[in-house]
S.K.: 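Here's a structure for you.
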Amino acid sequence: MRSLRYTAIIAAMMCLISAASCGHTNGSSSKADDAPAGETTASGEAQTDAAGSEAASQESDEEKENRIYESVKDAQISTDAPFLGTAGEVVAPDEDDEEAKLGNYCVCDDGVKLYYDESVYPKELALTLKEYFKSFAAGSFTDYTKCVYPSYITGMDAYLQKEYKYDIKRSFSKQCVNLLKMAEGDYTITRVKIEPHGTAKKEEMAAMPEEQQQNVTENDPEKNIANFFANYEDALGKDYADKVRKETDKLYDMDFYIMVKVGDDSEKLILGSYEIIFAEKDGRFYTFG
């Protein structure tokens, strides 16, 4: 990647990432409608040659969604823990390094760089978030279910079928296509960053789209978690948040950022400052969405 282009990408990411710290902006990423690790692209199935990749690029969004759905409609829900892989020691870039402004990071065995504060978030949580998004890139519904709280999957599936006449596998397929559109084609995840929700600085907020600024909230985890689950009262019941709190050991409220490598080998920030909730239960981590 050319140095100037790389610097521009870093600058764009810094416009969104707070200096505090691996499918609503500052709203939920979890709304229902909205392969080998590391090098799997978000095509819904592996592209084995240039002709296949070109054909996929000619598809309409509806055709992509239908293709992905056909590949996952018979997939099984799994309660197995996701394979998280490993993450190396924390790397502190030199001050003159182009990446220094992004903060410290660790490199996973699949090459993805994770940016997070382990005094706030366990490494396994950060790795689970990475695997959650890799499930969309791989078009793997089963891997997706390994990262999502089980009662969310069953409850949302029932709600979608009742209200929208399609299932959660169709919703998963829609989200795969949404991410393809954000990346403007096939992509590979390269960086994942998490930080406490609502910590964006004023100067960074100024660089955000106006509608995104309006949704930035204060760093009040209890309030933010309550507001997050309130979005799902119609789908999952008014007591769903209380049930989750009783069943789990801890809830985490955070913002996340996802950078990807696209077709010309450049990096692109496709998701920035989106809120997500994780639950910790018996040493495992689950999200909702």
Side-chain angles (χ1 to χ4, degrees), residues 23 28-83 85 110 112 128-190 232 235-236 258 260-263 268 270-271 274 276 286-289:
S28 170
S29 68
S30 309
K31 291 190 183 292
D33 293 325
D34 295 330
E39 288 304 317
T40 302
T41 57
S43 58
E45 60 185 36
Q47 296 297 337
T48 57
D49 53 39
S53 182
E54 183 178 354
S57 69
Q58 302 299 319
E59 292 177 309
S60 67
D61 290 345
E62 182 178 2
E63 288 171 334
K64 290 176 184 176
E65 179 188 318
N66 288 337
R67 174 171 54 79
I68 294 170
Y69 182 71
E70 283 299 313
S71 73
V72 303
K73 68 179 183 180
D74 296 323
Q76 299 299 308
I77 293 173
S78 176
T79 58
D80 293 342
F83 176 73
D110 57 12
V112 176
T128 302
L129 176 62
K130 173 177 68 74
E131 293 303 316
Y132 170 74
F133 276 100
K134 283 177 61 178
S135 73
F136 293 114
S140 175
F141 178 78
T142 298
D143 286 346
Y144 160 81
T145 62
K146 294 177 181 180
C147 302
V148 179
Y149 201 65
S151 63
Y152 176 92
I153 294 172
T154 54
M156 188 58 70
D157 187 47
Y159 173 76
L160 289 171
Q161 293 195 54
K162 178 181 178 182
E163 298 295 331
Y164 295 96
K165 311 306 178 188
Y166 63 76
D167 60 10
I168 198 167
K169 293 177 182 177
R170 175 66 71 174
S171 178
F172 171 82
S173 304
K174 289 178 182 290
Q175 185 63 5
C176 288
V177 174
N178 285 340
L179 292 169
L180 280 167
K181 290 171 67 176
M182 291 176 186
E184 299 180 306
D186 291 353
Y187 64 90
T188 301
I189 295 172
T190 56
Y232 297 108
L236 303 174
I258 305 294
V260 301
K261 181 175 71 175
V262 293
K268 179 177 182 178
I270 62 168
L271 292 169
Y274 275 69
I276 195 167
Y286 307 83
T287 190
F288 302 82

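Positions are given from 1, in the same order as the sequence printed here. None of the values given here were measured: they were computed from a predicted structure.
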S.K.: How long is the gap from OG on Ser140 to NZ on Lys134, to the nearest 0.5 Å?
M.R.: 11.0 Å

S.K.: Are the side chain of Lys169 and the backbone of Ala75 linked by a donor-acceptor contact shorter than 3.5 Å?
M.R.: yes

S.K.: Quick one: closest heavy-atom pair of Asp110 and Val112, and the distance?
M.R.: OD1-N, 3.1 Å

S.K.: Where does the angle between the aromatic ring planes of Tyr149 and Phe288 fall among parallel (under 30°), tilted (30 to 60°) and perpendicular (over 60°)?
M.R.: tilted

S.K.: Heavy atoms only: give me the nearest Ile153-Val148 pair and the separation to one decimal.
M.R.: CG1-CG1, 3.7 Å

S.K.: Roughly how far, to the nearest 0.5 Å, is CD1 of Ile258 from CZ of Phe133?
M.R.: 4.5 Å

S.K.: Please step through side chain to side chain contact (heavy atoms under 4.5 Å, CB included) for the pair Glu184 and Val262, ending with a clear verdict.
M.R.: CA-CA 8 Å; Glu184 299 180 306; Val262 293; over 6 Å; no

S.K.: Taking NZ, NE, NH1 and NH2 as the nitrogens, is one of them in Lys174 or Glu65 under 4.0 Å from a carboxylate oxygen of the other?
M.R.: yes

S.K.: Below 4.5 Å, heavy atoms only, C-beta onward: do Tyr232 and Tyr152 meet side chain to side chain?
M.R.: yes

S.K.: Run the side chain to side chain contact (heavy atoms under 4.5 Å, CB included) check on Asp186 and Leu180 step by step: do they pass?
M.R.: CA-CA 6 Å; Asp186 291 353; Leu180 280 167; 3.7 Å; yes

S.K.: Under a 3.5 Å cutoff, is there a donor and acceptor pairing between the side chains of Asn66 and Glu63?
M.R.: no

S.K.: Should Pro150 and Tyr286 count as side-chain neighbours, where that means a heavy-atom distance under 4.5 Å?
M.R.: yes

S.K.: Looking at OG1 of Thr287 and CD of Glu131, how far apart are the two atoms once the value is rounded to the nearest 0.5 Å?
M.R.: 14.0 Å

S.K.: Are Ser173 and Val72 close enough that some pair of their side-chain heavy atoms sits under 4.5 Å apart?
M.R.: yes

S.K.: Under the ring pair (Phe, Tyr, Trp, His ring centres under 6.0 Å) test, which residues partner Tyr69, sequence neighbours left out?
M.R.: none

S.K.: Would a distance-only check, ignoring hydrogens and angles, find a side-chain to backbone donor-acceptor pair under 3.5 Å from Thr142 to Gln76?
M.R.: yes

S.K.: Looking at side-chain heavy atoms only, is the closest gap between Leu179 and Tyr187 below 4.5 Å?
M.R.: yes

S.K.: Between Met156 and Ala235, which heavy-atom pair has the shortest distance, and what is it?
M.R.: CE-CB, 3.9 Å

S.K.: Kindly indicate, with the supporting measurements, whether the criterion side chain to side chain contact (heavy atoms under 4.5 Å, CB included) is fulfilled by Ile77 and Phe141.
M.R.: CA-CA 8 Å; Ile77 293 173; Phe141 178 78; 3.8 Å; yes

S.K.: Taking all non-hydrogen atoms of both residues, which atom of Ile276 and which atom of Leu129 are closest, and how far apart?
M.R.: CD1-CD1, 3.8 Å

S.K.: Could you note down all residue pairs passing salt bridge (charged side-chain N to carboxylate O under 4.0 Å, His left out) where residues 148-166 supplies at least one of them, sequence neighbours left out?
M.R.: none

S.K.: Keeping Thr145 on the side-chain end and Ser78 on the backbone end, is there a donor-acceptor pair under 3.5 Å?
M.R.: yes

S.K.: Considering non-hydrogen atoms only, spot the tightest contact between Val260 and Ala183 and give its length.
M.R.: CG2-CB, 4.3 Å

S.K.: Looking only at heavy atoms, which two atoms of Ile168 and Leu160 are closest? And how far apart?
M.R.: CA-CD1, 3.9 Å

S.K.: Should the ring pair Tyr144 and Phe172 be called parallel, tilted or perpendicular, given that the plane angle runs from 0 to 90° and is split at 30 and 60?
M.R.: tilted

S.K.: Could you walk me through whether Lys146 and Phe83 pass the side chain to side chain contact (heavy atoms under 4.5 Å, CB included) check?
M.R.: CA-CA 9 Å; Lys146 294 177 181 180; Phe83 176 73; over 6 Å; no

S.K.: So do Asn178 and Phe136 actually touch side chain to side chain, heavy atoms under 4.5 Å?
M.R.: no

S.K.: Lys261 side chain to Thr188 main-chain N or O, any donor-acceptor pair under 3.5 Å?
M.R.: no

S.K.: May I ask you to decide if Met182's main-chain N or O and Lys268's side chain share a donor-acceptor pair within less than 3.5 Å?
M.R.: yes

